[in-house]
Amino acid sequence: MISLSVNISEAQKSYPINIEWDSISSMREKILSYVQGKKFLVVISEKVEKLYGKELGFTKEEKFILKDGEKQKNFKNYEKILNLALKMQLTRKDAIIAIGGGVVGDLAGFAASTYMRGIDFIQVPTTLLACVDSSVGGKTGIDTKFGKNLVGVFYQPKAVLINTNFLKTLDERQLKTGLGEVVKYAFIEKSCMNNEEFNLTNFISENCEKILNKDNLTLSSLIQMCIKLKISVVEKDEKENGLRRILNFGHTYGHAIEQITGYKKFTHGEAVVEGIHFAFNLAVKKNLIDKNYKYFADDVMKKFNFRAIPQFPLNKIIELMKMDKKATSDKIVFILPTDYSIVKAFEISEEELIS
Ligand code: GLY
């Protein structure tokens, strides 16, 4: 088992992140060792329940089974979870446990953060995307009809427990959506200000076959490196006032792609990869990097053969990017590469983008 620790000084909270590959049936005991009280509520994805429900061994009464899909991250389910916690009479010592992907983690985490003004929350991410991104760093929330993640709080979990055996049943597309975030870390590595140097672009290039074959040890090393980079960033800037913005590399354009296609056609990772290509092209046009670095980045991304995304009318994309949470009144914030694995934030006007 690999054990990492996160220290968020602003929230005066530190918590462990364990990465292991033991049998899934050992998870129940490990999860419950982090529950202080006598009671807990498990919020579990329907898919994970079907595949691993028996092995995990939680009873029907202990579980809230959440249907799959981003649409489920809504006020109704938030209320249902709170009502169930109230019915179960969870106290402040008890806990809410999320077992699933990012939707489950964000929704259950938000419920935990507001139930009785905040009870313990344990994350058990079961997708690669949730392992390397959403389960770490404390972003929780729900979607509204006005947009994604517009209601939520920063609320750090009590523990994050990763078991790479959950990833064995991910289909190729689900695995690759996580890999979209993985390549993001590779291109921002040096800006994360982590003490250790990984050279993630090399690791990806050298191990792409093993990663795609879901080799337990390779996936564990990969997840460990991505999480260490994320920890380094969120420990320095929990609330995204500065450094944490670099985690949005590829996301300004990527979110617009997701929005324009109704969050249905492309996965988050596919859209982020397209956003990374857009950022590299923009950086070349602005003379921030030379073309060879862009070609190198293209080659790294080609290793995973991500789904190609067609070009959308730039004016429509710009309209959507202007609505981004990070946009200022008339400029759009882009995280762009400036050197090998280094990125910086730039505010770019609509006129400059069009030209
Ligand atoms: N997903 C980006 C972040 O956690 O800040």
Side-chain angles (χ1 to χ4, degrees), residues 4 6-11 13 15 17 70 73 98 100-110 112-113 121 123 125 127-143 147-157 160 162 177-189 191-194 200 222-259 263 266-276 279 321 324-327 333-336 343-345:
L4 310 173
V6 189
N7 294 293
I8 307 284
S9 48
E10 224 177 300
K13 198 159 180 182
Y15 57 94
I17 300 179
E70 183 72 33
K73 221 170 93 178
V103 169
V104 175
D106 285 7
L107 173 68
F110 184 50
S113 73
F121 167 50
Q123 285 261 30
T127 65
L128 181 63
L129 188 63
C131 290
V132 297
D133 186 34
S134 59
S135 68
V136 180
K139 280 190 180 174
T140 72
I142 52 175
D143 302 336
K148 270 176 75 170
N149 297 320
L150 292 180
V151 174
V153 288
F154 288 96
Y155 191 68
Q156 303 296 335
V160 181
I162 295 171
T177 190
L179 292 174
E181 289 286 346
V182 167
V183 295
K184 173 197 83 178
Y185 284 111
F187 298 125
I188 68 169
E189 179 177 337
S191 292
C192 292
M193 297 163 73
N194 185 41
L200 202 47
L222 184 71
I223 292 170
Q224 178 187 191
M225 286 185 267
C226 294
I227 290 181
K228 279 187 174 171
L229 294 174
K230 182 148 188 187
I231 291 175
S232 172
V233 171
V234 298
E235 281 186 344
K236 294 173 184 71
D237 176 23
E238 183 202 10
K239 300 268 168 76
E240 203 171 317
N241 293 318
L243 181 67
R244 189 164 180 167
R245 290 192 194 139
I246 65 169
L247 297 177
N248 294 317
F249 180 51
H251 284 61
T252 313
Y253 189 86
H255 281 154
I257 295 280
E258 286 184 281
Q259 265 178 283
Y263 295 94
F266 303 106
T267 66
H268 177 67
E270 286 162 358
V272 167
V273 168
E274 191 62 15
I276 294 175
M321 291 195 294
D324 192 274
K325 286 204 281 295
K326 271 91 52 196
V333 179
F334 283 94
I335 309 298
L336 298 180
V343 290
K344 285 200 174 83

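Counting starts at 1 for both ligands and their atoms, in listed order. As a basis for the values below, the full set of heavy atoms in this structure was taken, side chains included, without hydrogen atoms, waters or symmetry mates.
Residue Asn248 places no N or O, backbone or side chain, under 3.5 Å from any N or O of ligand 1.
To the nearest 0.5 Å, atom CD1 of residue Ile335 and atom NZ of residue Lys344 are 11.5 Å apart.
The shortest heavy-atom contact between Gln156 and Gly138 is OE1-N, 3.4 Å.
Proximity to Asp133 (heavy-atom distance under 4.0 Å) selects the following atoms of ligand 1: 1 (N), 2 (C), 4 (O).
With distances taken over non-hydrogen atoms, the option nearest atom 4 (O) of ligand 1 out of His268, Glu238, Lys230 is Lys230.
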**Message:** Using the rule given for side chain to side chain contact (heavy atoms under 4.5 Å, CB included), can you reason through Ile227 versus Ile231, listing the C-alpha separation, both sets of side-chain angles and the distance that settles it, and then say yes or no?
**Reply:** CA-CA 6 Å; Ile227 290 181; Ile231 291 175; 3.7 Å; yes
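Nearest protein heavy-atom neighbour of atom 5 (O) of ligand 1: Arg244 NE, 2.7 Å.
Put simply, the residue from Leu247, Val233, Ile246, Asn248 that forms a side chain to side chain contact (heavy atoms under 4.5 Å, CB included) with Glu240 is Asn248.
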